[in-house]
Amino acid sequence: MSVEHYENFPVASLLCPPALRPPITAIYHFARTADDIADEGDASAEVRLADLAEYRQQLLAVTAGAAPAARWRHVFGPLQQQIVQHALPLPLLTDLLDAFAQDTRNPPYPDRDSLLHYCRRSADPIGRLLLHLYGIDDAQALRRSDAICSALQLINFWQDLSVDGPRGRHYVPAQDRERHGVPQADLAVCHDTPAARALVRELCGWARGLMLEGAPLVHQVPGRAGWELRLVVQGGLRILEKIAAMDHATLARRPTVGALDAPLLLWRALTMRAGTP
């Protein structure tokens with residue numbers, strides 16, 4: 001999950017329940033720091049993997065009750081408190097680290113299942129951690145949360161094609177790319193073609209389907225958290241609308257949602273009803 005996704009955390013939002021701001025902030029800094037280790041600066045993949053392994057060991061240590069080591073004390077000190085206070089599930093935190101380690105290798109994704117398997121570790125744990133804090137753990141809610149989080153991850157991928165290609169990050173499943181006759185080299189150099197746009201259109205339809213599958217979760221999450229989730233869902237759908245409005249040319253430029261979209265998102269969030277996106 002990208003840094004942009006982590007900035008969708010309701011850390012500073014007025015809609016975030018005040019009692020949950022400390023654990024959400026701690027999870028945010030844990031994920032953001034690990035993402036920076038995996039993705040920022042000029043370190044080699046080997047150094048990044050070594051740092052992530054050390055980061056994982058510190059997580060395991062503080063979970064077992066050891067005092068945080070000096071290097072990332074600012075991360076693991078607050079996180080340790082929240083692990084104890086809220087019984088945060090360790091497997092969800094380690095899944096995130098697995099995904100960051102995978103990112104350092106930039107592996108190819110042969111099909112949609114392999115990409116969704118990555119999303120299961122890079123994106124879905126965030127939603128499940130938040131539901132854990134809200135005390136929601138039924139199977140249907142977890143499935144819907146996974147669908148929303150995976151959809152957000154996919155939307156971010158298709159939004160960022162013009163950024164990821166030159167960086168050597170290729171999340172488009174080879175099976176879809178080959179079916180549309182789009183060479184991998186075209187994605188690497190951001191070569192915008194009719195075939196590439198048709199590919200992006202289909203991938204956006206996939207992401208939209210997942211988002212709509214998960215959207216009923218907004219009616220299961222109570223209070224402020226439910227309103228936060230409504231805005232997250234509508235924000236993802238709005239990005240897809242903007243991609244469609246530019247005829248799916250995200251190899252050429254990156255669409256964004258900004259302040260001018262806020263009134264529309266708020267209205268759509270307010271008017272969400274069961275059975276409608």
Side-chain angles (χ1 to χ4, degrees), residues 1-11 13 28 31-32 35-36 38-42 99-100 102-104 106-109 112 115-116 118-119 122-123 126 148-174 176-177 180-212 231-266 268-269 277:
M1 179 174 272
S2 71
V3 169
E4 287 80 4
H5 260 338
Y6 286 123
E7 290 171 350
N8 283 336
F9 264 53
V11 173
S13 171
Y28 167 85
R32 176 65 181 264
D35 189 35
D36 287 346
D39 200 43
E40 296 297 316
D42 300 320
F100 291 130
Q102 183 169 325
D103 273 337
T104 66
N106 293 330
Y109 294 93
R112 293 186 181 188
L115 187 57
L116 284 178
Y118 168 75
C119 293
S122 69
I126 298 302
I148 289 172
C149 290
S150 289
L152 288 170
Q153 179 78 89
L154 295 175
I155 290 167
N156 184 245
F157 289 155
W158 317 145
Q159 175 188 20
D160 279 356
L161 287 176
S162 65
V163 177
D164 286 338
R167 298 177 64 197
R169 293 190 178 276
H170 303 296
Y171 296 102
V172 174
D176 292 278
R177 179 178 53 74
H180 283 273
V182 178
Q184 182 66 57
D186 279 8
L187 301 183
V189 299
C190 299
H191 184 40
D192 182 34
T193 65
R197 294 190 185 195
L199 170 62
V200 175
R201 181 182 299 109
E202 183 178 313
L203 294 173
C204 286
W206 173 32
R208 178 179 171 81
L210 276 175
M211 184 65 82
L212 297 182
L231 290 170
V232 168
V233 168
Q234 293 301 333
L237 293 173
R238 182 62 176 153
I239 287 288
L240 291 176
E241 286 183 346
K242 293 208 166 190
I243 293 175
M246 56 188 285
D247 195 20
H248 303 89
T250 53
L251 280 171
R253 60 186 177 89
R254 182 183 187 274
T256 60
V257 167
L260 293 178
D261 296 288
L264 177 62
L265 295 180
L266 181 59
R268 289 179 174 178

Colleague: Would you say the side chain of Asp103 lies within less than 4.5 Å of the side chain of Tyr118, judging by non-hydrogen atoms?
Modeller: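 Counting from C-beta outward, Tyr118 and Asp103 do come under 4.5 Å.
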Colleague: Using 0.5 Å steps for rounding, measure from the CG atom of Leu161 to the CG atom of Asp186.
Modeller: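 The CG atom of Leu161 sits 12.0 Å away from the CG atom of Asp186.
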Colleague: Rounded to the nearest 0.5 Å, how far apart are CZ of Arg254 and CG of Asp164?
Modeller: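 Nearest 0.5 Å value for the CZ-CG distance: 9.5 Å.
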Colleague: Arg169 vs Asp39, test: salt bridge (Lys or Arg N to Asp or Glu O under 4.0 Å). Steps then yes/no.
Modeller: CA-CA 11 Å; Arg169 293 190 178 276; Asp39 200 43; 2.5 Å; yes
Colleague: Looking at every non-hydrogen atom in both residues, tell me the closest pair between Cys190 and Pro166 and how far apart they are.
Modeller: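 Shortest heavy-atom contact: SG-CD, 3.6 Å.
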Colleague: Output, in order, the C-alpha distance, side-chain angles, deciding distance and verdict of side chain to side chain contact (heavy atoms under 4.5 Å, CB included) for Leu152 and Val233.
Modeller: CA-CA 8 Å; Leu152 288 170; Val233 168; over 6 Å; no
Colleague: Any side-chain heavy-atom pair from Asn106 and His170 closer than 4.5 angstrom?
Modeller: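 No, too far: nothing below the 4.5 Å cut-off.
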Colleague: Arg253: which residues meet the salt bridge (charged side-chain N to carboxylate O under 4.0 Å, His left out) condition with it, sequence neighbours left out?
Modeller: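 Arg253 satisfies salt bridge (charged side-chain N to carboxylate O under 4.0 Å, His left out) with no residue once adjacent residues are dropped.
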Colleague: Is any side-chain heavy atom of Leu115 closer than 4.5 Å to one of Phe157?
Modeller: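 They are in contact (side-chain heavy atoms under 4.5 Å apart), so the answer is yes.
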Colleague: Could you walk me through whether Thr193 and His191 pass side chain to side chain contact (heavy atoms under 4.5 Å, CB included), step by step?
Modeller: CA-CA 6 Å; Thr193 65; His191 184 40; 3.4 Å; yes
Colleague: Leu240 vs Met211, test: side chain to side chain contact (heavy atoms under 4.5 Å, CB included). Steps then yes/no.
Modeller: CA-CA 11 Å; Leu240 291 176; Met211 184 65 82; 5.6 Å; no
Colleague: Among side-chain atoms of Gln159 and Thr250, is any donor-acceptor pair under 3.5 angstrom?
Modeller: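 No pair is found: no donor N or O on one side chain lies under 3.5 Å from an acceptor on the other.
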Colleague: Any idea which heavy atoms bring Asp192 and Ala249 closest together, and the distance?
Modeller: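 Heavy atoms only, the tightest pair is OD2-CB, 3.7 Å.
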Colleague: Any idea which heavy atoms bring Ala195 and His180 closest together, and the distance?
Modeller: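 Of all heavy-atom pairs spanning Ala195 and His180, the closest is CB-O, 3.5 Å.
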Colleague: Are the side chains of Arg268 and Leu237 in touch, meaning some heavy atoms are under 4.5 Å apart?
Modeller: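 Side chain of Arg268 against side chain of Leu237, heavy atoms only: no contact under 4.5 Å found.
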Colleague: Which salt bridge (Lys or Arg N to Asp or Glu O under 4.0 Å) pairs, counting each pair once, include a residue from residues 255-265, with sequence neighbours left out?
Modeller: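 Qualifying pairs, neighbours excluded: Arg238-Asp261, Lys242-Asp261.
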Colleague: Ignoring hydrogens and angles, state whether a donor on the side chain of Tyr171 or Asp160 is under 3.5 Å from an acceptor on the partner side chain.
Modeller: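 Note: Tyr171 and Asp160 side chains miss the donor-acceptor criterion.
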Colleague: In Å, rounded to the nearest 0.5 Å, how long is the span from SG of Cys204 to CD1 of Ile239?
Modeller: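 Here the interatomic distance stands at 10.0 Å.
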Colleague: Quick one, Cys149 and Cys119 - any side-chain contact, counting heavy atoms below 4.5 Å?
Modeller: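 When only atoms from C-beta onward are counted, Cys119 and Cys149 do not touch, as no gap falls below 4.5 Å.
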Colleague: If I compare all heavy atoms of Pro173 with all of Arg112, which pair ends up nearest, and what's the gap?
Modeller: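 In terms of heavy atoms, the two residues are closest at CB-N, 3.9 Å.
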Colleague: Is any side-chain heavy atom of Leu154 closer than 4.5 Å to a side-chain heavy atom of Leu203?
Modeller: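 Contact flag for Leu154/Leu203 side chains = no.
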Colleague: Rounded to the nearest 0.5 Å, what separation is found between the CH2 atom of Trp158 and the CD atom of Gln153?
Modeller: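 Answer for the CH2-CD pair, Trp158 versus Gln153, is 9.5 Å.
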Colleague: Do the side chains of Arg201 and Asp247 get close enough for a salt bridge, i.e. N-O under 4.0 angstrom?
Modeller: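 Looking at Asp247 together with Arg201, the answer is yes, because their closest N to O distance falls below 4.0 Å.
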Colleague: So, Glu202 and Arg208, do they make that salt bridge, N to O below 4.0 Å?
Modeller: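 Arg208 and Glu202: not salt-bridged.
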Colleague: State, yes or no, whether a side-chain contact exists between Trp206 and Leu210 at a heavy-atom distance under 4.5 Å.
Modeller: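 In contact.
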